[in-house]
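By convention in this document, chain letters (A, B, ...) are assigned in the order of the sequence lines, proteins followed by strands, and residues within each chain are numbered from 1.
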Protein chains: 2
Amino acid sequence: MLSHSVPTEIPTHWYNIIADLPIKPPPPLHPKTFEPLQPQDLSHLFPDELIKQETTNERFIVIPDEVVDIYRLWRPTPLIRAKRLEKLLGTPARIYYKYEGVSPAGSHKPNTAVPQVWYNAQQGVKNIVTETGAGQWGSSLAFATSLFGLNCEVWQVRASYDQKPYRKLMMQTWGATVHPSPSDITESGRRILKMDPSSPGSLGIAISEAVEVAANNEDTKYCLGSVLNHVLLHQTVIGEECIKQMEALGETPDVIIGCTGGGSNFAGLCFPFIREKLKGKINPLIRAVEPTACPSLTRGGLRYHGMAPLISHIYELGFMEAIAIPQIECFQGAIQFARSEGLIPAPEPTHAIAAAIREALHCKESGESKVILMAMCGHGHFDLPAYEKYLQGAMVDLSFSEDKMQASLANIPHMS
Amino acid sequence: MLSHSVPTEIPTHWYNIIADLPIKPPPPLHPKTFEPLQPQDLSHLFPDELIKQETTNERFIVIPDEVVDIYRLWRPTPLIRAKRLEKLLGTPARIYYKYEGVSPAGSHKPNTAVPQVWYNAQQGVKNIVTETGAGQWGSSLAFATSLFGLNCEVWQVRASYDQKPYRKLMMQTWGATVHPSPSDITESGRRILKMDPSSPGSLGIAISEAVEVAANNEDTKYCLGSVLNHVLLHQTVIGEECIKQMEALGETPDVIIGCTGGGSNFAGLCFPFIREKLKGKINPLIRAVEPTACPSLTRGGLRYHGMAPLISHIYELGFMEAIAIPQIECFQGAIQFARSEGLIPAPEPTHAIAAAIREALHCKESGESKVILMAMCGHGHFDLPAYEKYLQGAMVDLSFSEDKMQASLANIPHMS
């Protein structure tokens, strides 16, 4: 019903990169037995169709009509040439960005929230539970459940619940129930509160709470917003659209850049382009960008659980590269972008923007007119205090510390 | 550079309804002499081209290429059928909404901010000043000035400056300087602060401050976000696009609904449809909706200065009707809309939504399958506390009071 849809149309299929990998990724292991996970090990958390998608070798998965119908609210998303940024940098490079901030929740997350809720609804599930940090994922899921008439319960990391009330209000406006985590509703929450009644919470604790509720209630399932194969799969609508859009513009990307936290936005844009690369049709560099203060790929081998295993695998296969950029450089780039292109990025894509600017400035030196494509995965409407901090000169670059990483790993629960 | 642009294209012209009116609107009067205003009376505030547009009888005004180039960031905006809302209401009516919230600032305001800044830039103006209340207009102007490289100074009503920090941060991210109003920078601000050092401010005071600065500085001009003829003119891109979009869908609107504060979003959607109506091509009802607590058109004759004189004139000519809806009914409708359609409206368009729901429910009773078209002029990302108030049952319906209106009028300064 959207009238601003073509020339590109919404893809009819999601792309499963596993089908095209010369070496398949190792199976996930059961956290207790260390044996490969079986579908039934996941069935208390996820509906059958999503478990199937998690392990399938099928190359293309049909997107259900009901999902496409919701996608129409904001898809196809725009591919925009950053002409004013190019001019500001004085670069001969041509910079394009694929913008996912036009979704109702303001990021790429609804691309997977909608199908996840749809498959749950199809299996008769009535309640969906999840965790959220800053609130991007929780609000995307609240949006999706409201459209299909399911209940939604979100455990939001306490610190964020208190400091970022707008995302919480957004979830509530869409009808979700939001608990600060740790909460006294769950065993895991109570255990933490007993040790530290004023715990600020963590994503790990919030996941534990949501998973506990899903595991103990028959008509309740859990949804995850990144990391898993089926999440990355759903995000490939971004790249599939973008391939057609670049073709329509007569452009071939030389470098494709995306930020990696959990990896779903990066995978969404890059996996379909990696397929074309494997076919020998194009030969772009595929570059992941992560925060210097919280690296994963660039510290090789750590296998930080926040990163999608499938991306780690593809990285090990050599199909992509990774760099880390410090926070202040990212916000410098974000301000340049906001004031030339007119869009205020979320903190995550500032990494992709800073990397694109680095590349564009290299082109300025070398005189190359490369085509740079980057993932601009969401707007920063609810992250403006971070900009305030930067503009006031109060932002500092944290350096990576092994201790901190260990502490952070300790907060990631086993998903049993 | 947007790839999601067609079938509808961005219009090439703005539409000036004055050219088609059987009786021309009376000229604005000089607030001191009560003689008709002359172009030179406005030249310390506005660039020549905008003064010309304010008084022209030309039917169509060409949109400059540079403006169209910026419009491409979010235009054409989507026209969406509210199928899930229709289903929720059980109505045979078909409800369409034209959604302006996809602009970088989140509302229809950039449609005029961009050309206003462009014409100022063409005339060599270096600094733009304005006032803002909740921040919609100030952020739209900050966005536009950042793209054309002009300085922007905004006086934001103190109460809003303190309570709605996100809009302020948005303006600062785009490079604008934001002052709480009353400020001690201007004569008008100091006068108020002397009487009441903790004054919460008002739009009237903020206008006085901005106008004072523009009047006293050669390279500085003032921009207004609503009310004036040239503002309404620029907003007609909405209706021009929408006529083509409705045609492409094979639909003819029976009722067109928009909210009226200053009137620019209403005019933007409706004026091109009124032209088609005057030609006898279509015959829709054109309905303005205003808040019961702050009526203007529905209390006839008051000529409240917040309403565009051109809309008052067209209302007096009988080309449109007006109703008032209380706040709680508006938010009830907004929640129904958010949870079925997935978009969270700004407080202003909740009036249009509530009126569309009323109409759709009448259709349910009568069995008519009318085509209802409404203006959804912005998202509510920065207005979520209002939703919180509604959801907590803390919202009350204020009734209109003549005293209050007089008090509010007293705050509107003369624009000399």
| message | My understanding is that only residues two or more places apart in sequence, or in another chain, count here; which of them pass side chain to side chain contact (heavy atoms under 4.5 Å, CB included) with B:Thr177? | response |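 Side chain to side chain contact (heavy atoms under 4.5 Å, CB included) list for B:Thr177, sorted by chain: B:Glu153, B:His179.
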
Sort [X] into side chain, backbone, both or neither according to what part of it lies under 4.5 angstrom from a heavy atom of chain A.
{"X": "B:Leu147", "value": "both"}
{"X": "B:Phe143", "value": "side chain"}
{"X": "B:Pro385", "value": "both"}

| message | My understanding is that only residues two or more places apart in sequence, or in another chain, count here; which of them pass salt bridge (charged side-chain N to carboxylate O under 4.0 Å, His left out) with A:Glu251? | response |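 Partners of A:Glu251 under the salt bridge (charged side-chain N to carboxylate O under 4.0 Å, His left out) test: A:Arg94.
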
| Could you go step by step and tell me if A:Ile80 and B:Arg72 meet the side chain to side chain contact (heavy atoms under 4.5 Å, CB included) rule? | CA-CA 9 Å; A:Ile80 302 175; B:Arg72 276 188 227 285; over 6 Å; no

| task | Against chain A, work out which of B:Tyr166, B:Tyr390, B:Tyr387 has the most heavy-atom pairs shorter than 4.5 Å and name it. | result |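 When all of B:Tyr166, B:Tyr390, B:Tyr387 are compared, B:Tyr166 has the most.
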
| said: Taking atom NZ as the centre, does B:Lys164 end up with more than 12 heavy-atom neighbours from other residues, nucleotides or ligands that are less than 6.0 angstrom away? | reply: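 Buried by this count: over 12 neighbours within 6.0 Å.
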
| Does any non-hydrogen side-chain atom of A:Leu384 lie less than 4.5 Å from one of B:Gln172? |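 Side-chain contact under 4.5 Å: no.
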
| said: So if I take each residue of residues 369-382 of chain B and look for any heavy atom under 4.5 Å from a heavy atom in chain A, which residues do I end up with? | reply: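 Within residues 369-382 of chain B, near chain A: B:His379, B:His381, B:Phe382.
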
| Taking non-hydrogen atoms and a cut-off under 4.5 angstrom, which of residues 338-351 of chain B neighbour chain A? |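 Checking residues 338-351 of chain B against chain A gives B:Ala338, B:Arg339, B:Ser340, B:Glu341, B:Gly342, B:Leu343, B:Ile344.
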
| query | Out of curiosity, A:Glu388 CD to B:Met170 CE, how far, rounded to the nearest 0.5 Å? | reply |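 Nearest 0.5 Å value for the CD-CE distance: 14.5 Å.
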
| query | Using non-hydrogen atoms only, which part of A:Leu391 is less than 4.5 Å away from chain B: side chain, backbone, both, or neither? | reply |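 Contact with chain B is through the side chain of A:Leu391 alone.
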
| request: Let me know if A:Tyr97 has heavy atoms under 4.5 Å from chain B in its side chain, its backbone, both or neither. | output: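 The side chain, not the backbone.
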
